[in-house]
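Lettering follows sequence order; numbering is per chain, from 1. No experiment lies behind these values; they were computed from the predicted model shown.
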There are 2 protein chains.
Amino acid sequence: MEIRELRYFVAIAEELHFGKAARRLEIAQPPLSRTIARLERQLGVTLLERTSRKVTLTEAGAVLLSEGRAILSAVAAAERRTQQAAQRRPRLVLAVKSGTAGELLAKLLDAYRTEPGAATVDLLLCEAHQHQKLLQDGQADVALLHLPFDSTLGLDTETLYTEGQVAILPSSHPLAGRSQIRVAEVTAIPELPMARWPGPGGSYPEGPGAEVRNLTQLFQLIALGRTTVIMPESAGTDLRRDLAAVPVLDAPPVTTVIAWPPHSRLRAVADLIRVATRL
Amino acid sequence: MEIRELRYFVAIAEELHFGKAARRLEIAQPPLSRTIARLERQLGVTLLERTSRKVTLTEAGAVLLSEGRAILSAVAAAERRTQQAAQRRPRLVLAVKSGTAGELLAKLLDAYRTEPGAATVDLLLCEAHQHQKLLQDGQADVALLHLPFDSTLGLDTETLYTEGQVAILPSSHPLAGRSQIRVAEVTAIPELPMARWPGPGGSYPEGPGAEVRNLTQLFQLIALGRTTVIMPESAGTDLRRDLAAVPVLDAPPVTTVIAWPPHSRLRAVADLIRVATRL
DNA sequence: GTCGATCGATGTCGCTCAGGTATCGCTGCA
DNA sequence: TGCAGCGATACCTGAGCGACATCGATCGAC
């Protein structure tokens, strides 16, 4: 099995159409048909059921699609990282969700900068749920994740710290003065339905609350008395005057972890992790 | 970058000798030289420093070696799993260390067997530290691991249960009658140096204790009054008459987890994991 | 210092196979 | 029934893989 064959197969499996896949791959359709046919012959397995009107994946094809995507990411990552390693000045790309982990991040970068042989750290601000992809295809070397929100599937991690969660409410709201609150009480406020964040697929879950994509939006909507949210304590420090944070007793604690791809060999990654765990 | 090029590069990087690598790959040496040269040209990176007497890896080469090995395993896994998925009867390979987790394993297999659409589960008894490799190159689909002994690097896991550790002593030993004991007391018994297990590389750590490879050997040596060991409670049930298990107060608890490769798409794996977490 | 052995690079050649164009055969729809 | 759309097949060209022969550099033996 060759990378080229895998690229071709993944393209068809995603398009379920030889012609479209060929256009996407910028080749003609016949070589594509032949390549897939040979791949099937070599594996001794039917990957696609095709009629002249429809193409569908077999069970085996679905498995190869999933494994193949992972392999293609890994190859892209290998190329990027190899080229990166050949540079004189080592560089390190750290992926973080925009707007989170402010203080921890500053402390981490400060501490790492003083390390002997410290690499230049580039920050890659990303959307939620993107970390994994960025690490797997080599666009990032390390990431800061928040459990239980982010997935650590296939990544190696070290726990940095754990914190409680707070509800963010308009200061004027009757509950804003409470010293603590329960999840059920927050979710039961009829006039303030919980804000909705995009899921892993980029689409929003069903619900009455506002759809938000970043903290600025969110805080504005809360201040306007349109929504509320439960989020980690650290994101609720230094709030605008018109917002209040109330600790939520029974919300699951949020753990910040540092994550990296499992076979990372970069000295800079090892150094950064060591610094992070000592904070 | 193609798989063939990667296979060639990994062979050279491991042998550090074009001739030997060519023999291992069962090709002549010149095509090997040319393939590597072209790979370097395409990546724009020097992977190997070569004189006519010695070949060494560059920094970038070391990175590509590590990434390349992972990719080659992933490709082997993809081929195996795709072929497996094409079989009528779904099969599932579960890797377990020989001699451990007896009762849990039996319960798990029993519970899974009653699932609708349950696959045939093949047990793959393996040496310690092998799990990861088996999962990564597709020889196994799921594994039972024991933290903190085994590494879960690059695997996804669910915790099954946690247990304390016991010291296994000859029944005749003065400490055998104790209801509990401390690590320091066990390691300080001069006539019973702690048994040594092979490390990840297959070699034994330094020390005075006996070198053991399985439980039968170990128990025999303990019964003979030559060594002792600290191990999970469950491995110390149903001991021979001439052995005694004493709970060790301050030994770290051992967690049994079920682990699988992160992008596993097999229904059977998902089912087994669900059953396992409900035990 | 010289010679021979060792090792990676290079030159040349045959052949496989990737990719292109043209075309066929099947299927669903108007 | 005719047509449009789609994948398979036939055939051709050229790139590149691999084999063999050979070169040039380096190190050790004497």
Side-chain angles (χ1 to χ4, degrees), chain A residues 1-62 64-65 68 71-72 75 79 86, chain B residues 1-62 64-65 68 71-72 75 79 86:
Chain A
M1 199 162 63
E2 288 298 322
I3 294 295
R4 191 181 50 86
E5 299 170 324
L6 219 42
R7 261 191 14 247
Y8 288 7
F9 172 72
V10 169
I12 297 193
E14 288 179 353
E15 301 283 351
L16 291 177
H17 190 297
F18 281 68
K20 285 181 198 163
R23 254 168 279 150
R24 184 170 126 187
L25 293 165
E26 301 185 302
I27 61 169
Q29 168 259 319
L32 190 53
S33 291
R34 257 182 299 129
T35 301
I36 300 301
R38 201 191 22 245
L39 180 58
E40 288 180 318
R41 196 155 10 96
Q42 281 169 359
L43 290 173
V45 159
T46 303
L47 299 170
L48 299 163
E49 298 291 352
R50 30 213 194 263
T51 70
S52 67
R53 306 304 294 176
K54 217 168 77 175
V55 176
T56 54
L57 273 179
T58 63
E59 194 71 17
L64 187 59
L65 173 57
I71 291 170
L72 293 183
V75 169
E79 291 176 348
Chain B
M1 197 164 62
E2 288 297 323
I3 295 295
R4 191 181 50 88
E5 299 170 324
L6 218 42
R7 264 194 9 251
Y8 288 8
F9 172 70
V10 169
I12 297 192
E14 287 178 354
E15 301 283 352
L16 291 178
H17 190 296
F18 280 68
K20 285 181 197 164
R23 254 168 280 151
R24 185 169 125 189
L25 293 165
E26 300 185 303
I27 61 169
Q29 168 258 319
L32 191 53
S33 291
R34 258 182 296 131
T35 301
I36 300 301
R38 186 155 21 86
L39 179 59
E40 288 180 317
R41 201 158 1 101
Q42 281 168 358
L43 289 173
V45 159
T46 304
L47 299 170
L48 299 162
E49 297 291 353
R50 30 220 199 259
T51 69
S52 66
R53 308 304 293 174
K54 218 168 77 175
V55 176
T56 55
L57 274 178
T58 62
E59 194 72 17
L64 187 59
L65 173 58
I71 291 171
L72 293 182
V75 169
E79 291 177 347

query = Which is true for A/Ala28 with a 4.0 Å heavy-atom rule: it touches a base, it touches only sugar-phosphate, or it touches nothing?
reply = base
task = Would you mind classifying the nucleic acid contact of B/Arg53 as base, sugar-phosphate or nothing, using non-hydrogen atoms under 4.0 angstrom?
result = base
Contact check, side chains of A/Ile27 and A/Tyr8, non-hydrogen atoms, under 4.5 Å = yes
ask   = To the nearest angstrom, how far is A/Glu40 atom CD from D/dG7 atom P?
value = 13 Å
request  = Give the rounded distance in Å between these two atoms: CD1 of A/Ile27 and P of C/dC17.
outcome  = 17 Å
request  = Let me know the distance between CD1 of A/Ile12 and P of D/dC6, rounded to the nearest Å.
outcome  = 14 Å
query = What integer distance in Å separates B/Leu32:CG from C/dC7:P?
reply = 14 Å
request  = List the steps and the verdict of side chain to side chain contact (heavy atoms under 4.5 Å, CB included) for B/Thr58 and B/Glu40.
outcome  = CA-CA 12 Å; B/Thr58 62; B/Glu40 288 180 317; over 6 Å; no
query = Are any non-hydrogen side-chain atoms of B/Arg23 and B/Glu15 less than 4.5 angstrom apart?
reply = no
message = How many whole angstroms separate atom CG of B/Leu39 from atom P of D/dG16?
response = 14 Å
ask   = Do any side-chain nitrogens or oxygens of A/Thr51 fall under 4.0 Å of OP1 or OP2 in C/dT27?
value = no
key: A/Pro30 vs A/Tyr8, nearer the 5' end of DNA chain C by closest nucleotide   = A/Tyr8
ask   = Under 4.0 Å between a side-chain N/O of B/His17 and OP1 or OP2 of C/dG8, yes or no?
value = yes
message = Do the side chains of B/Arg24 and B/Glu14 get close enough for a salt bridge, i.e. N-O under 4.0 angstrom?
response = yes
task = For the side chain of B/Pro31, starting at C-beta, report the closest nucleotide among C/dG19, D/dA10, D/dA19.
result = D/dA19
query = Which nucleotide in the list C/dG20, C/dG8, C/dA22 gets nearest to the side chain of A/Arg34?
reply = C/dG20
message = Pick the closest DNA chain C nucleotide for B/Phe18 and for A/Glu5 by heavy atoms, then say which residue is nearer the 5' end.
response = B/Phe18
request  = Let me know the distance between CD of A/Gln29 and P of C/dA18, rounded to the nearest Å.
outcome  = 16 Å
Separation of C/dT27 P from A/Lys54 NZ (nearest whole Å) = 14 Å
key: Below 4.0 Å: OP1/OP2 of C/dG19 and any side-chain N or O of A/Arg4   = yes
query = A/Arg50 has a side chain; which of D/dG7, D/dA21, D/dG18 sits nearest to it?
reply = D/dG7
Closest contact, heavy atoms only, B/Phe9 versus B/Leu57 = CZ-CD2, 3.9 Å
ask   = Quick one: A/Leu25 CG to C/dG20 P, roughly how many Å, whole number?
value = 11 Å
